[in-house]
Participant: 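Please see the structure below; I have some questions.
Computed from a prediction, not measured in an experiment: that's the story for all the values here. The figures here come from the full heavy-atom set of this structure, side chains too, leaving out hydrogens, waters and symmetry mates. Quick note on labels: first sequence line is chain A, next is B, and so on, each numbered from 1.
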2 protein chains.
Amino acid sequence: MNKKRITSKELAKLAGVSSATISRAFSPDSRIGSATRDRILSVAREYGYQPNAIARSLNNQRSRLVALVVNAIGNPCEAEEQQLLVHRLQARQLLPIILCCADHADRLQLMRLASTYQVDHVVVFSDMVSMQDAVDIFHTTKPIIVSFEPLASDSVSSISIDGSAAADEIIAKIVGDGKTRFAYLSGTQSSWIDKLRRTWFADALAKRGLAFEAQAFGDYTYDSGFKEAVMLLHRSKVDAIICGNDVMAIGARDAARRILGKNTPGDIAIVGQDGIAMAGWDCNDLTTLSLDHVAFIDAVVELIERHDADIDGPHSITITCSVRWGSTA
Amino acid sequence: MNKKRITSKELAKLAGVSSATISRAFSPDSRIGSATRDRILSVAREYGYQPNAIARSLNNQRSRLVALVVNAIGNPCEAEEQQLLVHRLQARQLLPIILCCADHADRLQLMRLASTYQVDHVVVFSDMVSMQDAVDIFHTTKPIIVSFEPLASDSVSSISIDGSAAADEIIAKIVGDGKTRFAYLSGTQSSWIDKLRRTWFADALAKRGLAFEAQAFGDYTYDSGFKEAVMLLHRSKVDAIICGNDVMAIGARDAARRILGKNTPGDIAIVGQDGIAMAGWDCNDLTTLSLDHVAFIDAVVELIERHDADIDGPHSITITCSVRWGSTA
DNA sequence: CCTGTTTGTGTAAACGTGTACACAGAATAT
DNA sequence: ATATTCTGTGTACACGTTTACACAAACAGG
């Protein structure tokens, strides 16, 4: 049970070779006789030897650890992407370390802690961390920022997301259905990502001589979507609500139906953003500005691989959003 | 940007001390003059020095890394607990490495990889990994198994979950409402956790002279809940479905309502398990056998701390479930 | 003033790898 | 036949810390 792990030197003695040869047996492309290798591997299996990755990292200057900075784990909008990314990383023998923190100061502290572990790559999903903070903390690593905005430089790679065309499609449909009074339900007060998403819709409205009549601020949760929608609908006579994410949209839909007896899309149109799996569930069937999660994570992996191989290529990739049409708008 | 990280020896030269003193400046309880420490810390800040955690781990034999073996990240039932645990770990300066793999062989391979990193603790959430596998792979670490069943030994700690009383309450209510024909919708074919959960309800039924009339197998997803419920309701005349988790219960409810026009709880009673936040959303309002996530994670942290401090105490903790009453049963 | 303790610091070894270098022997070329 | 390459292995050091030990200086009590 609590047996100590065997080291390469001890195994060397057992196999009658030097510790260097042990190391070679575990390195695929190294000069070693195949008979020796087989013998070593067999003895290694017998004694349960595995090279110590910590020692190897120290020597190699490569830890094969990847830090993922995220807002939350439970939040479905991020979770689907996290899941995909974790799988892709693991297929490349990279281990993900999750950094997830509600408080901003704590989050920076946490990032500093992770940087101490010499992570090879950093993926920042969180819009709460500025590019500058990430670069300062991981000055040795070149972080990958998921930014919704192309801000790559020589020290940061970025993936940006363009939803303007999809937003235009959605607005066209809703306006075509005769709706004219729009509200925007933000996910956060401060985030510029939220501002950008809002702009996609605001521009589409402006093109048609319209504008948002009202705005409210939630926190990306169901409860905040519910509460803010109630207040919004009591305050003004809007007939369409664009929400910062899908979960809030579900909350808003529930509020409209339950508290005010309004149905979608007849009485009111409700639109989400993200395109999470739950949006497609029969009980939700949400119309939503949908991100292609696979393409998105493909892009992240692509950037990581370039970074790994020190390949110079474009450091910014843009993903275009599409629409998932449901029965709420 | 790609500047190399400064080492303790270099900093020592800059501060006019030896590298040992640098190390002491960063260790809270070590003999060092406070003037020296202040000077070192100030120089360190100036040059952006941080001790290399990899090197420290190699020396200390403690990595402060924790491996979390989970089934999925996106799955809400686990995600809430993962989120809580990650926060608690980070507050203790422990970094979580997520191991998440659909395929069983891959999962074992992944666990071997993580064990290579000398993780200090292992938390196995997954019911797909046997206790024996975990012990074999992490023979140096004493894994913590979340097991639903008290199987602690000197090499494994465990947290078990008892839902029998809550299941009895639920069955009492449903039978009291006049339902008699029960079906169980499992989450998996093979998992013994699923079997255990089913037993809680089966026992409660047996106490009242009843038994499950039908059984179906899904995979814990919404879609499988929907599909299996449709088949179940076409096949037999059940008027109550107990589901393996909340997400499947929502799928089953949608199927009953949409495909067969049956409403809860009048026509059919539907019960979930887990007590995820979504169960409380207005559009769901699920009756569910609910786990106290906070108590649960408290228990995990408790075991980790005991393990950390080498305190001998009971290695098994049991959490009792309660009922969340909704409008579906 | 001498002995004994405390305080602060440096020296050196250890943690477990990977790899540059050296070198012996085998294989190949001339 | 010798000269040259190639193959397989060992030796020794580096990676960046922490810490046991040694030691000088400061300080206490007699």
Side-chain angles (χ1 to χ4, degrees), chain A residues 3-41 43-44 47-65 93 113 115-120 140-141, chain B residues 3-41 43-44 47-65 93 113 115-120 140-141:
Chain A
K3 260 185 65 179
K4 259 201 79 175
R5 203 169 281 269
I6 193 177
T7 90
S8 87
K9 234 169 241 173
E10 299 172 297
L11 189 71
K13 206 156 285 176
L14 291 167
V17 294
S18 78
S19 75
T21 304
I22 300 290
S23 169
R24 284 190 266 259
F26 284 88
S27 306
D29 312 312
S30 60
R31 295 202 320 206
I32 183 177
S34 55
T36 320
R37 161 171 284 151
D38 291 347
R39 181 162 46 90
I40 289 178
L41 290 182
V43 180
Y47 288 92
Y49 170 79
Q50 298 248 149
N52 181 326
I54 295 288
R56 169 190 291 157
S57 302
L58 179 60
N59 185 299
N60 275 349
Q61 318 272 64
R62 298 186 82 243
S63 62
R64 306 200 69 82
L65 295 173
Q93 306 273 87
L113 177 60
S115 85
T116 281
Y117 279 79
Q118 323 294 76
V119 293
D120 287 346
T140 185
T141 311
Chain B
K3 260 185 65 178
K4 259 201 78 176
R5 205 169 279 270
I6 192 176
T7 91
S8 88
K9 235 168 239 174
E10 299 172 298
L11 190 70
K13 206 156 283 178
L14 290 168
V17 294
S18 78
S19 74
T21 304
I22 300 291
S23 170
R24 284 190 265 258
F26 283 88
S27 306
D29 312 311
S30 59
R31 294 202 321 206
I32 183 175
S34 54
T36 320
R37 162 172 283 152
D38 291 347
R39 183 161 47 88
I40 290 178
L41 290 183
V43 180
Y47 288 91
Y49 170 79
Q50 298 248 150
N52 181 325
I54 296 288
R56 170 189 291 156
S57 301
L58 177 59
N59 184 295
N60 276 349
Q61 318 271 65
R62 298 186 81 242
S63 63
R64 305 200 70 81
L65 295 173
Q93 306 273 86
L113 176 59
S115 85
T116 282
Y117 279 79
Q118 321 295 88
V119 293
D120 288 344
T140 185
T141 311

Participant: Would you tabulate the nitrogen or oxygen pairs shorter than 3.5 Å linking the protein to nucleotides 23-26 of chain C?
Facilitator:
none

Participant: Can you give me the bend angle of the helix from dC1(C)-dG30(D) to dT30(C)-dA1(D)? Use the axis through the first five pairs and the one through the last five, nearest 10 degrees.
Facilitator: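 End-to-end axis angle for the helix from dC1(C)-dG30(D) to dT30(C)-dA1(D): 40°, rounded to 10°.
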Participant: Think Thr36(A) has a side-chain N or O under 4.0 angstrom from the OP1 or OP2 of dT9(D)?
Facilitator: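 Result: yes.
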Participant: Between atom CD1 in Ile40(B) and atom C1' in dT9(C), what is the gap in whole Å?
Facilitator: 10 Å
Participant: Take Ile40(B) and Ile22(B), measure what side-chain contact (heavy atoms from CB on, under 4.5 Å) needs, and give me the verdict at the end.
Facilitator: CA-CA 7 Å; Ile40(B) 290 178; Ile22(B) 300 291; 3.8 Å; yes
Participant: Nearest 0.5 Å, what's the CG-CD distance between Leu113(A) and Gln93(B)?
Facilitator: 5.5 Å
Participant: Which residues pass the salt bridge (Lys or Arg N to Asp or Glu O under 4.0 Å) test with Arg39(B), not counting sequence neighbours?
Facilitator: none
Participant: How would you list, by chain and number, every residue that makes a salt bridge (Lys or Arg N to Asp or Glu O under 4.0 Å) with Arg62(A), sequence neighbours excluded?
Facilitator: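 In terms of salt bridge (Lys or Arg N to Asp or Glu O under 4.0 Å), with neighbours along the sequence ignored, Arg62(A) is linked to Asp308(A).
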Participant: Between Thr116(B) and Gln50(A), is any side-chain donor less than 3.5 angstrom from a side-chain acceptor?
Facilitator: yes
Participant: Is there a donor-acceptor pair closer than 3.5 Å between any side-chain N or O of Tyr49(A) and the backbone N or O of Val43(A)?
Facilitator: no
Participant: Got a list of protein N/O to nucleotides 15-20 of chain D N/O distances below 3.5 Å?
Facilitator:
unit_1: dT17(D); atom_1: OP1; unit_2: Tyr49(B); atom_2: OH; d: 3.2
unit_1: dT17(D); atom_1: OP1; unit_2: Asn52(B); atom_2: N; d: 3.4
unit_1: dT17(D); atom_1: OP2; unit_2: Ser8(B); atom_2: N; d: 2.6
unit_1: dT17(D); atom_1: OP2; unit_2: Ser8(B); atom_2: OG; d: 3.1
unit_1: dT17(D); atom_1: O5'; unit_2: Tyr49(B); atom_2: OH; d: 3.3
unit_1: dT17(D); atom_1: O5'; unit_2: Asn52(B); atom_2: N; d: 3.4
unit_1: dT17(D); atom_1: O2; unit_2: Asn59(B); atom_2: ND2; d: 2.9
unit_1: dT18(D); atom_1: OP1; unit_2: Arg56(B); atom_2: NE; d: 2.9
unit_1: dT18(D); atom_1: OP1; unit_2: Arg56(B); atom_2: NH2; d: 3.2
unit_1: dT18(D); atom_1: OP2; unit_2: Ser23(B); atom_2: OG; d: 2.4
unit_1: dT18(D); atom_1: O5'; unit_2: Ser23(B); atom_2: OG; d: 3.3
unit_1: dT18(D); atom_1: O4'; unit_2: Asn59(B); atom_2: OD1; d: 3.3
unit_1: dT18(D); atom_1: O4'; unit_2: Asn59(B); atom_2: ND2; d: 3.4
unit_1: dT18(D); atom_1: O2; unit_2: Asn59(B); atom_2: ND2; d: 3.1

Participant: Please list every donor-acceptor pair under 3.5 Å in which a side-chain atom of residues 23-34 of chain B meets a protein atom from a residue at least two apart or in another chain.
Facilitator:
unit_1: Ser27(B); atom_1: OG; unit_2: Ser23(B); atom_2: O; d: 3.1
unit_1: Ser30(B); atom_1: OG; unit_2: Arg24(B); atom_2: O; d: 3.0
unit_1: Ser30(B); atom_1: OG; unit_2: Ser27(B); atom_2: O; d: 3.0

Participant: I'd like to check Arg56(B) versus Arg64(B) (side-chain heavy atoms, cut-off strictly below 4.5 Å). Are they in contact?
Facilitator: no
